[in-house]
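First comes the structure, then the notes that go with it.
In this chain, numbering begins with 1 at the start of the sequence shown.
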Amino acid sequence: MNNFHYFCPTRIEMGMGKAKQLPELLESLQIGKSILLVSDPGVVQTGLVEPIQAKLQSAGYRVTLFDDISQNPRDTECLKGAKYFNEQNADAVVAIGGGSAMDTGKAIALIGRNGGTPIEYVEGQRRYENVAPIICIPTTAGTGSEVTRSSVITEAATHRKLTLKDAALRPVLAVLDPELTFTVPKSVTAATGVDALVHAIEGYTCKVTNPISQALGAKAMEIIVSSLPEACQDGRNEEARYNMLLGSLLAGLCFGSADVAAVHCLAEALGGLYDTPHGVANAVFLPFVLKFNAEENKAMHAQLARYMKFAAESDSDEKAVEQLIQGIETFTRSLDIPKLKDLPGVRKEDFAKIVELAMQNGSTPSNVRTVTAEDYLHILQEAYSA
């Protein structure tokens with residue numbers, strides 16, 4: 001028997017038009033009247049932030065905006081945001097956007113109240129406490145950060161990905177409104193959707209998984225694989241957009257009380273070095289890590305193939321694993337995900353550095369099959385040669 005722990009105190013509000021109810025939802029939380037909105041320039045440019053800001057202001061909230069955030073947010077940006085949080089005497093953080101905005105918002109809520117730097121929390125020099133209330137409104141279906149305890153930040157000086165991880169970083173409220181995802185470009189929809197799929201797969205298979213995470217992950221895989229092509233084909237397909245946001249949420253709940261693993265470790269190394277979009281980086285490594293892991297875990301990976309309808313229930317485990325690898329490769333290709341060798345900046349000469357960063361990642365030990373530096377290098381070489 002496996003002892004396990006599952007915890008998620010986040011209040012979840014989901015539905016078309018839910019973002020318009022934000023003032024009433026915040027009022028019920030009684031978190032104060034001074035709000036720091038955290039978003040990124042791309043989301044602000046789409047016009048999604050301004051109506052939310054105006055609605056809060058008309059309801060009597062004092063609202064200021066911080067949007068100095070990169071695609072892969074830096075520790076320096078978090079420190080700047082924390083300083084601004086204090087200058088504005090903010091009571092709470094409302095993060096609007098994808099993973100970059102939500103992860104930065106979490107770091108600001110932590111550091112703004114407690115001081116310090118991200119690395120000090122990662123290394124245990126500071127305690128996760130007295131965190132300002134965090135409210136997350138995702139505008140992409142992918143990261144799941146709206147319900148997780150994690151914030152992934154790039155250390156600018158070293159290019160390392162730092163993972164702040166503690167229950168105190170879980171948002172008090174997640175507002176999921178599919179309408180906010182209607183204008184997401186096809187390429188971003190595809191990349192973030194595969195990111196969510198990887199969350200479900202790794203949360204299900206990792207060494208620290210649990211029955212609740214596995215149940216959530218299984219459903220997330222089923223939903224994402226069936227809905228993502230439709231969402232890419234027609235961004236205003238309400239059912240597809242709703243299902244993708246639901247799949248991403250379930251995937252976040254899956255890995256949020258378990259962990260990610262080798263796909264993410266390689267992807268985060270790539271993002272730290274080249275600023276590669278996180279979902280794209282996950283997608284290029286997914287088939288090759290699955291192939292590596294399945295060699296020692298055939299039964300588990302055969303079941304993944306059945307959840308995603310790449311294999312039938314009657315198929316043997318051997319056949320199902322083959323169909324899993326082939327199915328994932330075909331799936332990502334159909335979404336126009338680029339190959340590793342086609343990504344900007346990626347060079348074979350950097351492989352040793354990528355392996356080093358992946359091995360330093362705290363999620364490497366969680367991979368379902370023990371992975372060494374030599375294994376990471378082999379996976380990199382396979383992915384680059386594909």
Cut-off 3.5 Å, side chains only: do [X] and [Y] have a donor facing an acceptor?
X: Ser213; Y: Asn210; result: yes
X: Tyr61; Y: Gln53; result: no
X: Arg306; Y: Ser314; result: no
X: Ser34; Y: Asp91; result: no
X: Ser226; Y: Lys309; result: no
X: Thr370; Y: Lys207; result: yes
X: Glu155; Y: Thr158; result: yes
X: Glu268; Y: Asn361; result: yes
X: Ser28; Y: Arg11; result: yes

[X] side-chain N/O to [Y] backbone N/O, donor-acceptor pair under 3.5 Å:
X: Asp177; Y: Ala19; value: yes
X: Ser334; Y: Phe331; value: yes
X: Asp40; Y: Asp68; value: no
X: Asn367; Y: Ala262; value: yes
X: Asp315; Y: Ala312; value: yes
X: Gln71; Y: Asp275; value: yes
X: Glu120; Y: Thr117; value: yes

Give me the atom names and distance for the closest heavy-atom approach of [X] to [Y].
X: Ala320; Y: Ala305; value: O-CB, 3.3 Å
X: Asp195; Y: Gly142; value: OD2-O, 3.9 Å
X: Ala261; Y: Glu202; value: N-OE1, 2.9 Å
X: Gly272; Y: Lys161; value: N-CE, 3.7 Å
X: Tyr128; Y: Val122; value: OH-N, 4.1 Å
X: Pro229; Y: Ile224; value: CD-O, 4.3 Å

Next item on the list: Begin with the C-alpha distance, continue with both residues' side-chain angles, and end with the deciding distance and a verdict on side chain to side chain contact (heavy atoms under 4.5 Å, CB included) for Glu179 and Lys18.
Entry: CA-CA 9 Å; Glu179 289 182 2; Lys18 274 288 182 180; over 6 Å; no
Determine, using the 4.5 Å side-chain heavy-atom cutoff (strictly less than), whether [X] and [Y] are members of one ILVMFWY cluster.
X: Leu197; Y: Phe292; value: yes
X: Val172; Y: Ile108; value: no
X: Leu286; Y: Leu228; value: yes
X: Leu357; Y: Ile153; value: no
X: Val198; Y: Met221; value: yes

Note to self: Taking the ring centre of each residue, are Tyr204 and Phe255 less than 6.0 Å apart?
What the structure shows: no
Next item on the list: State which residue, out of Ile69, Val49, Leu48, fulfils the side-chain contact (heavy atoms from CB on, under 4.5 Å) condition with Ser39.
Entry: Val49
Quick one, [X] and [Y] - any side-chain contact, counting heavy atoms below 4.5 Å?
X: Leu377; Y: Thr372; value: no
X: Thr148; Y: Lys106; value: yes
X: Ile12; Y: Leu176; value: yes
X: Pro118; Y: Leu164; value: yes
X: Leu22; Y: Ile135; value: yes
X: Ile212; Y: Leu253; value: no
X: Phe285; Y: Leu380; value: yes
X: Leu25; Y: Val175; value: yes

Using a strict cut-off of less than 4.0 Å between a Lys/Arg side-chain nitrogen and an Asp/Glu carboxylate oxygen, indicate whether [X] and [Y] qualify as a salt bridge.
X: Lys33; Y: Glu27; result: yes
X: Lys353; Y: Asp350; result: no
X: Lys80; Y: Glu77; result: no
X: Lys165; Y: Asp259; result: yes

Hey, could you give me the [atom1]/[atom2] distance between [X] and [Y], rounded to the nearest 0.5 Å?
X: Ile31; Y: Leu173; atom1: CD1; atom2: CG; value: 8.0 Å
X: Thr364; Y: Asp375; atom1: OG1; atom2: CG; value: 10.5 Å
X: Ser151; Y: Leu169; atom1: OG; atom2: CG; value: 6.5 Å
X: Lys83; Y: Ile111; atom1: NZ; atom2: CD1; value: 14.5 Å
X: Gln360; Y: Leu162; atom1: CD; atom2: CG; value: 10.0 Å
X: Arg74; Y: Ser100; atom1: CZ; atom2: OG; value: 10.5 Å

Next item on the list: Step by step, work out the salt bridge (charged side-chain N to carboxylate O under 4.0 Å, His left out) result for Glu322 and Lys319.
Entry: CA-CA 5 Å; Glu322 290 177 6; Lys319 182 178 179 181; over 6 Å; no
Next item on the list: May I ask you to check if Lys341 and Tyr384 form a cation-pi contact, with NZ or CZ under 6.0 angstrom from the six-membered ring centre and within 45° of the axis?
Entry: no
Item checked: Face-on cation placement of Arg241 at Phe182 ring, 6.0 Å and 45° thresholds -> no
Next item on the list: Give the C-alpha distance, both sets of side-chain angles, the deciding distance and a yes or no for side chain to side chain donor-acceptor pair (under 3.5 Å) between Asp103 and Ser145.
Entry: CA-CA 7 Å; Asp103 285 4; Ser145 188; 2.8 Å; yes
Note to self: What verdict does the side chain to side chain donor-acceptor pair (under 3.5 Å) test give for Thr163 and Arg149, after you've listed the backbone C-alpha separation in whole Å, the side-chain angles of each residue and the deciding distance to 0.1 Å?
What the structure shows: CA-CA 10 Å; Thr163 301; Arg149 56 183 170 170; over 6 Å; no
